[in-house]
Q: 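I am attaching a structure below and will ask some questions about it afterwards.
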Amino acid sequence: MTDSLGNWRRTHYSKRIDPEMSGEEIIVMGWIHEIRDLGGIIFVLLRDRDGTIQITAPSKKISKELLEEIRKLRKESVVAVKGIIQESGKAPGGYEIIPNEIKMLNESKLPLPLDTTDKVRAEIDTRLDSRYIDLRRPTSSAIFKIKSRMLHSVRNFLEKGEFIEINTPKLVASATEGGTELFPITYFEREAFLGQSPQLYKQMMMATGFDKVFEIAPIFRAEEHDTLRHLNEAISIDLEASFCDQEDVMHILEAVVHTAIGDVIEHCSDELEILGVDLEIPKIPFERIDYGDVVDIVNSKGVNMKHGEDLSRAAEKAIGETMDGYYFITGWPTDIKPFYVMPNLETPKKSCAFDLMYKDLEISSGAQRVHKHDLLVERIKKQGLNPVSFERYLAAFEYGMPPHAGWGLGAERFTMCMTGVNNIRETVLFPRDRRRLTP
RNA sequence: GCCCUGGUGGUGUAGGGGCUAUCAUGUGGGCCUGUCGAGCCCACGACUCGGGUUCAAAUCCCGGCCAGGGCGCCA
């Protein structure tokens, strides 16, 4: 039998209670985390968003009816408890609630698909199948509280820097941007695709005079990768700024990373402790290492890498062993970077592109962009693409396109860096990968 | 897509041609007034699917599906 909420409202989260409130009557609401029935006394741990609070029911202090009600409680059912706060050295946290009245708001089916108390650890696959229950575990929810704080921090920082937040379409007409595989969809009578990147749109925004824009939105990539650091749907923090070169946006990027980590340390100390992470604010400016030096270091580590190649996984690991924390790789060969990346004026084989790495993980890449129409057409042709399919995009470069630069930062990869988790799926509520499309 | 490893109660595991299929947690019941991974007693609950070998397959072989790890792909 379940009760209605009625006029009951939660007065306190578990973490907002302290022993000085002793004697006060409050209402807490949440899930039954654990029950220890000792016969003459019953201890119930009630869990809410922020933690747990002990409900203590001694048979001598409460009515028989209430004691029997409490004895019937089962794990993960949702209840509301009205009771008196009592200071107690024996209770966890130094206080407990002596109940006066309990409302059973909704019972949970048993047995549970996984253990919420971490006595028996479930595998990530099992956890993702029942993600709503998995996220009741503090070690799971802590990751998302940190991710949320990071996203707030980035928005806040860019807003202060007078960036305009934009939204670009995720339903796009053509697969002509290049390289990566796109997800085809049906768009009325036509074929369309899910957007792989807001790149071309945010560049078009530079022709509007908005000057500085950013977007935090999903990107979709139909690659059949099956690794701990790839997703088919991810959140990209994208930024583009006019009258800037790559150095300018690298400064912004390292400031964003620096600020976000500082904010997470300041506001998420409980979550970091739950995860056992000792997060430190990285020193800025981050170290810069030229692509040519990367090739030398990688080869010196016994990993074969030719000049002009992208980093293999082994190469990433080799360079990650040498470089500590966050660092930029600059001076990438023009040939292995996308057409919209500006070649270096003096040495056109080198580009104005950069990657931001954390140890052996690429978390961001960016560049100064080509803003000259004719050079852009030339670059598109050189990459084996057809300028005709870029007509609408290219037109934006004919009516006064300022020089500009920008980057995209992977929100999930950045979250991995801060939380120390080694599987990117841990950082997405409902991850989409090669095999998983539900829930 | 390739290579390696695996799939055993709800969860996490042990075992590895014939035993009542191990243990923990859980669930149900019982005892217990300070638990905090509570304790003790009783009960419940499982061999991924299809084919093959064999007197006999959860175990060996082949294939599918799924998972874990590594790689590739990822303008």
Q: Exactly one of Arg413(A), Lys317(A), Arg313(A), Arg229(A) should register a salt bridge (Lys or Arg N to Asp or Glu O under 4.0 Å) with Asp360(A). Which one does?
A: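 Exactly one candidate clears the test, Arg313(A).
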
Q: As a test of reading the structure: which of G69(B), U11(B), G1(B) is closest to the side chain of Leu228(A), going by heavy atoms?
A: G69(B)

Q: What is the nucleic acid contact for Asp118(A), judged by heavy atoms within less than 4.0 Å: base, sugar-phosphate only, or nothing?
A: nothing

Q: Report the residues that fulfil side-chain contact (heavy atoms from CB on, under 4.5 Å) with Met305(A), sequence neighbours left out, ordered by chain and then residue number.
A: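 By the side-chain contact (heavy atoms from CB on, under 4.5 Å) rule, Met305(A) matches Tyr291(A), Val295(A), Val298(A), Asn299(A), Glu309(A), Leu311(A), Ala315(A).
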
Q: Rounded to whole angstroms, how far apart are CG on Asp129(A) and P on G12(B)?
A: 10 Å

Q: Which residue pairs pass the ring pair (Phe, Tyr, Trp, His ring centres under 6.0 Å) test with at least one member in residues 13-41 of chain A, sequence neighbours excluded?
A: none

Q: I want to verify a distance call: between G26(B), A67(B), A75(B), whose nearest atom is closest to the Asp125(A) side chain?
A: A67(B)

Q: Considering only atom P, compute the distance from C19(B) to U5(B) and round it to an integer number of Å.
A: 29 Å

Q: Between the side chain of Arg131(A) and the main-chain N/O of Leu429(A), is any donor-acceptor distance below 3.5 Å?
A: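 Confirmed, Arg131(A) side chain pairs with Leu429(A) backbone.
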
Q: Do the ring centers of Phe286(A) and Tyr327(A) come within less than 6.0 Å of each other?
A: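 No; Tyr327(A) has its ring centre 6.0 Å or more from that of Phe286(A).
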
Q: Mind running a 4.0 Å heavy-atom check of residues 342-352 of chain A against RNA chain B and sending the residues that fall below it, in number order?
A: none

Q: Could you say whether Ile336(A) or Ala122(A) is positioned toward the 5' end of RNA chain B, judged by the nucleotide with the nearest heavy atom to each?
A: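 Looking at RNA chain B, the more 5' nearest nucleotide goes with Ala122(A).
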
Q: Side chain to side chain donor-acceptor pair (under 3.5 Å) with His404(A): which of Gln203(A), Lys212(A), Arg369(A)?
A: Gln203(A)

Q: So among Gln54(A), Lys119(A), Lys75(A), which one has a side chain to side chain donor-acceptor pair (under 3.5 Å) with Glu34(A)?
A: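 Result: among Gln54(A), Lys119(A), Lys75(A), Lys119(A) is the only option passing the side chain to side chain donor-acceptor pair (under 3.5 Å) with Glu34(A).
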
Q: For the pair made of CD1 in Ile133(A) and C1' in U25(B), what is the distance, rounded to whole Å?
A: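 Checked: the CD1 to C1' distance equals 16 Å.
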
Q: Which residue pairs satisfy the salt bridge (charged side-chain N to carboxylate O under 4.0 Å, His left out) criterion with at least one member in residues 375-386 of chain A, sequence neighbours excluded?
A: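 Checked against salt bridge (charged side-chain N to carboxylate O under 4.0 Å, His left out) - neighbours excluded - no pair reaches residues 375-386 of chain A.
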
Q: Using a strict heavy-atom distance below 4.0 Å, which residues from residues 310-321 of chain A are in contact with RNA chain B?
A: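 Within residues 310-321 of chain A, the residues near RNA chain B are Ser312(A), Arg313(A), Lys317(A).
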
Q: Any donor-acceptor pair under 3.5 Å between the side chain of His230(A) and the base of C74(B)?
A: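 Result: at least one qualifying N/O pair found.
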
Q: Has the side chain of Thr334(A) got a donor or acceptor atom that lies under 3.5 Å from a matching backbone atom of Lys349(A)?
A: yes

Q: Considering every strand and a 4.0 Å limit on heavy-atom distances, what is the contact class for Ile124(A): base, sugar-phosphate, or nothing?
A: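 Answer is sugar-phosphate: Ile124(A) comes under 4.0 Å of backbone atoms only.
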
Q: Could you tell me whether the side chains of Ser140(A) and Asp134(A) share a donor-acceptor contact shorter than 3.5 Å?
A: yes

Q: Residues two or more places apart in sequence or in another chain: which of them pass side-chain hydrogen bond (donor to acceptor under 3.5 Å, both in side chains) with Thr168(A)?
A: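 Here the qualifying residues are Lys170(A), Glu215(A).
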
Q: Can you give me every donor-acceptor pair (side chain of residues 318-326 of chain A, partner residue at least two apart or in another chain, under 3.5 Å) with its distance?
A:
unit_1	atom_1	unit_2	atom_2	d
Glu321(A)	OE1	Lys301(A)	NZ	3.3
Thr322(A)	OG1	Ala318(A)	O	3.3

Q: Nearest-Å distance, CG (Asp37(A)) to P (G30(B))?
A: 10 Å

Q: Check RNA chain B against residues 425-438 of chain A and give the residues with a non-hydrogen atom under 4.0 Å, in numerical order.
A: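 Arg434(A), Arg435(A) - these, ordered by number, are the residues of the stretch whose heavy atoms sit under 4.0 Å from the strand.
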
Q: Can you pull out the residues from residues 70-77 of chain A that lie within a 4.0 Å heavy-atom distance of RNA chain B?
A: Arg74(A), Lys75(A)

Q: Could you tell me the Watson-Crick or G-U partner of C60(B), where both distances fall under 3.5 Å? Say none if there is no partner.
A: G52(B)

Q: State whether the side chain of Trp332(A) and the backbone N or O of Lys337(A) hold a donor-acceptor pair below 3.5 Å, judged by distance alone.
A: no

Q: Measuring to OP1 and OP2 of U25(B), would you say a side-chain N or O of Thr117(A) lies under 4.0 angstrom away?
A: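 Answer is no, no contact under 4.0 Å.
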
Q: For residues 15-30 of chain A, which residue pairs qualify under salt bridge (charged side-chain N to carboxylate O under 4.0 Å, His left out), counting only residues two or more places apart or in two chains?
A: none

Q: Would you kindly give the CG-to-C1' distance between Leu110(A) and G45(B), to the nearest whole Å?
A: 14 Å

Q: Between the protein and nucleotides 33-37 of chain B, list the N/O to N/O atom pairs that are separated by less than 3.5 angstrom.
A:
unit_1	atom_1	unit_2	atom_2	d
U33(B)	OP2	Gly40(A)	N	3.0
U33(B)	O4	Ser59(A)	OG	3.1
G34(B)	N1	Glu96(A)	OE1	3.3
G34(B)	N1	Glu96(A)	OE2	3.0
G34(B)	N2	Glu96(A)	OE1	2.6
U35(B)	O2	Arg36(A)	NH1	3.2
U35(B)	N3	Gln54(A)	OE1	2.8
U35(B)	N3	Gln54(A)	NE2	3.4
U35(B)	O4	Gln54(A)	OE1	3.3
U35(B)	O4	Gln54(A)	NE2	3.0
U35(B)	O4	Lys90(A)	O	2.8
C36(B)	O4'	Arg36(A)	NH1	3.4
C36(B)	N3	Lys90(A)	O	3.4
C36(B)	N4	Lys90(A)	O	3.2

Q: Tell me: CD of Glu181(A) to C1' of G72(B), nearest whole Å?
A: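 Going from Glu181(A) (CD) to G72(B) (C1'), I get 14 Å.
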
Q: Output the rounded distance in Å from CZ (Phe193(A)) to P (A75(B)).
A: 17 Å

Q: Can you confirm whether or not the ring centre of Phe414(A) sits under 6.0 Å from the ring centre of Tyr358(A)?
A: no

Q: Show every donor-acceptor pair shorter than 3.5 Å between a side-chain atom in residues 417-424 of chain A and any protein atom, with sequence neighbours excluded, or say none if there are none.
A:
unit_1	atom_1	unit_2	atom_2	d
Thr419(A)	OG1	Thr415(A)	O	2.8
Asn423(A)	OD1	Arg425(A)	N	3.0
Asn423(A)	OD1	Arg425(A)	NE	3.0

Q: As a test of reading the structure: which of G12(B), A75(B), G72(B) is closest to the side chain of Tyr340(A), going by heavy atoms?
A: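 Closest nucleotide among those given: A75(B).
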
Q: In whole Å, what is the span from the CD atom of Glu224(A) to the P atom of C73(B)?
A: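 To the nearest whole Å, that distance equals 14 Å.
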
Q: So Met29(A) and Asp48(A), side-chain contact (heavy atoms from CB on, under 4.5 Å) or not? Walk me through it.
A: CA-CA 7 Å; Met29(A) 297 189 182; Asp48(A) 60 24; over 6 Å; no

Q: G72(B) C1' sits how many Å from Arg229(A) CZ, rounded?
A: 10 Å

